[in-house]
Number of protein chains: 2
Amino acid sequence: MKIGELSKTSGCSIQTIRYYEKEGLLSEPERTEGNFRLYDVTVLKQLEFVKHCRSLDISLIDIKRLIDLKNKPEESCSSVNALIAQQLALVNKRMKELKALKNELQQMASTCNSDNTIEGCGIIKSLDS
Amino acid sequence: MKIGELSKTSGCSIQTIRYYEKEGLLSEPERTEGNFRLYDVTVLKQLEFVKHCRSLDISLIDIKRLIDLKNKPEESCSSVNALIAQQLALVNKRMKELKALKNELQQMASTCNSDNTIEGCGIIKSLDS
DNA sequence: ACTTGACCCTATAGTTACTATAGGTTTTAC
DNA sequence: GTAAAACCTATAGTAACTATAGGGTCAAGT
Ligand SMILES: [Zn+2]
Ligand SMILES: [Zn+2]
Ligand SMILES: [Zn+2]
Ligand SMILES: [Zn+2]
């Protein structure tokens with residue numbers, strides 16, 4: 001199949017597919033005489049793998065590491081485990097930050113009833129301090 | 001004071017201060033004969049305002065809007081309120097996403113005891129499906 | 001055979017909020 | 001007088017895409 005069909009089947013945009021290829025996350029496909037990319041079905045699995053990783057917010061560099069690890073099926077999976085643990089730690093950290101943000105924003109919002117001038121607005125006062 | 005001192009006092013890097021100025025978040029300071037930026041104390045308040053907004057993850061564009069609103073103290077503060085509400089909605093959305101991420105990552109991590117080959121690793125299996 | 005339109009190609013610029021150089025000028029201290 | 005420290009502008013890099021610009025290829029219809 002050509003890239004347009006792969007794009008529709010996978011739900012990835014054409015540019016993203018080409019970008020993933022450039023970054024080494026997809027193997028380079030064959031080309032037609034006219035230089036069009038020509039994919040076989042195996043690339044769909046690769047692309048799904050990448051998409052699944054991205055949905056977990058794993059960086060492209062880490063996805064590449066995972067792909068490299070996948071190609072060494074005999075080795076220990078401890079690196080895989082470490083990578084996921086690190087990703088989890090990142091998510092936990094961001095969640096903490098977001099909770100703090102949420103608290104402060106909520107408190108700020110509660111000081112404003114929208115029925116005021118900017119000069120007297122509690123939100124602006126909070127932001128000024 | 002010159003930019004180095006402002007940087008130390010405020011905790012913003014020199015480049016960041018110049019960047020904020022370029023983006024219109026700080027008023028342009030006077031210059032010495034030799035073209036060095038020369039600040040008076042009022043800029044510190046401006047910078048603190050920006051920093052406080054950034055700590056709430058408000059985008060530079062929205063900070064600029066807030067600054068513009070601040071300069072119209074007689075107007076209604078409903079725009080301010082709306083902007084903060086929107087920011088809160090954004091944070092809530094990201095928190096939901098992060099929770100889903102965390103769940104999936106945790107579940108994946110639980111399928112791996114690090115004592116396996118990559119071929120048999122539960123994490124890799126999850127990512128493949 | 002020829003044209004039109006859909007599809008494809010590469011290369012480049014834009015996005016956000018900075019950070020980091022490169023290459024140069026000014027000030028300050030000795 | 002000179003050397004270091006501080007400053008200046010302009011430009012490139014970061015992450016993961018998205019969006020053009022300016023082409024080439026291919027299938028269908030006339
Ligand atoms: Zn999943
Ligand atoms: Zn208000
Ligand atoms: Zn605060
Ligand atoms: Zn494992």
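Every chain is numbered from 1, with letters handed out A, B, ... down the list of sequences. Note that these values count all heavy atoms, side chains included, but never hydrogens, waters or copies made by symmetry.
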Send over the distance from [X] [atom1] to [N] [atom2], rounded to a whole Å.
X       : N     : atom1 : atom2 : answer
B:Glu33 : D:dC8 : CD    : C1'   : 16 Å
A:Met1  : C:dC8 : CE    : P     : 12 Å
B:Tyr39 : D:dC8 : OH    : C1'   : 12 Å

For this session: Determine the contact category for A:Arg18: base if any of its heavy atoms lies under 4.0 Å from a base atom, sugar-phosphate if only primed atoms, P, OP1 or OP2 are that close, otherwise nothing.
Result: base

For this session: Tell me what B:Ile14 touches on the nucleic acid: a base, only sugar-phosphate, or nothing, going by heavy atoms under 4.0 Å.
Result: sugar-phosphate

Exercise. Taking the six-membered ring of A:Phe49 as reference, does the NZ or CZ atom of A:Lys70 fall below 6.0 Å from its centre and within a 45° cone about the axis?
Worked result: yes

Exercise. Just to confirm, is there a sub-4.0 Å distance from OP1 or OP2 of D:dT9 to any side-chain nitrogen or oxygen of B:Arg37?
Worked result: yes

Exercise. Taking OP1 and OP2 of D:dC17, is either one under 4.0 Å from a side-chain nitrogen or oxygen of A:Tyr20?
Worked result: yes

Output the single nucleotide from [options] whose closest atom is nearest the side chain of [X].
X       : options                : answer
A:Lys2  : C:dC8, C:dA17, D:dA16  : C:dC8
A:Phe36 : D:dA16, D:dT25, C:dT21 : D:dT25
B:Arg54 : C:dA17, C:dC9, C:dA20  : C:dA17
B:Asn35 : D:dA16, D:dC8, C:dA17  : D:dC8
B:Thr16 : C:dT19, C:dC9, C:dT27  : C:dT19
A:Ser59 : D:dC7, D:dA16, C:dA17  : D:dA16

For this session: Measure from the side-chain N and O atoms of A:Arg94 to the backbone N and O of A:Leu98, and report whether any donor-acceptor pair falls under 3.5 Å.
Result: no

For this session: Go through B:Ser10 and B:Glu48 one step at a time and tell me if the side chain to side chain donor-acceptor pair (under 3.5 Å) criterion holds.
Result: CA-CA 7 Å; B:Ser10 67; B:Glu48 293 294 336; over 6 Å; no

For this session: Decide yes or no on side-chain contact (heavy atoms from CB on, under 4.5 Å) for B:Lys64 and B:Ile61, but give the supporting numbers first.
Result: CA-CA 5 Å; B:Lys64 204 168 178 210; B:Ile61 280 188; 5.7 Å; no

Exercise. Given that A:Leu38 and B:Tyr19 both sit by DNA chain C, which one's nearest nucleotide is further toward the 5' end?
Worked result: A:Leu38

Exercise. For DNA chain D, whose closest nucleotide is more 5', that of A:Thr32 or that of A:Ser13?
Worked result: A:Ser13

Exercise. Is it the case that more than 12 heavy atoms not belonging to A:Gln106 sit under 6.0 Å from its CD atom?
Worked result: yes

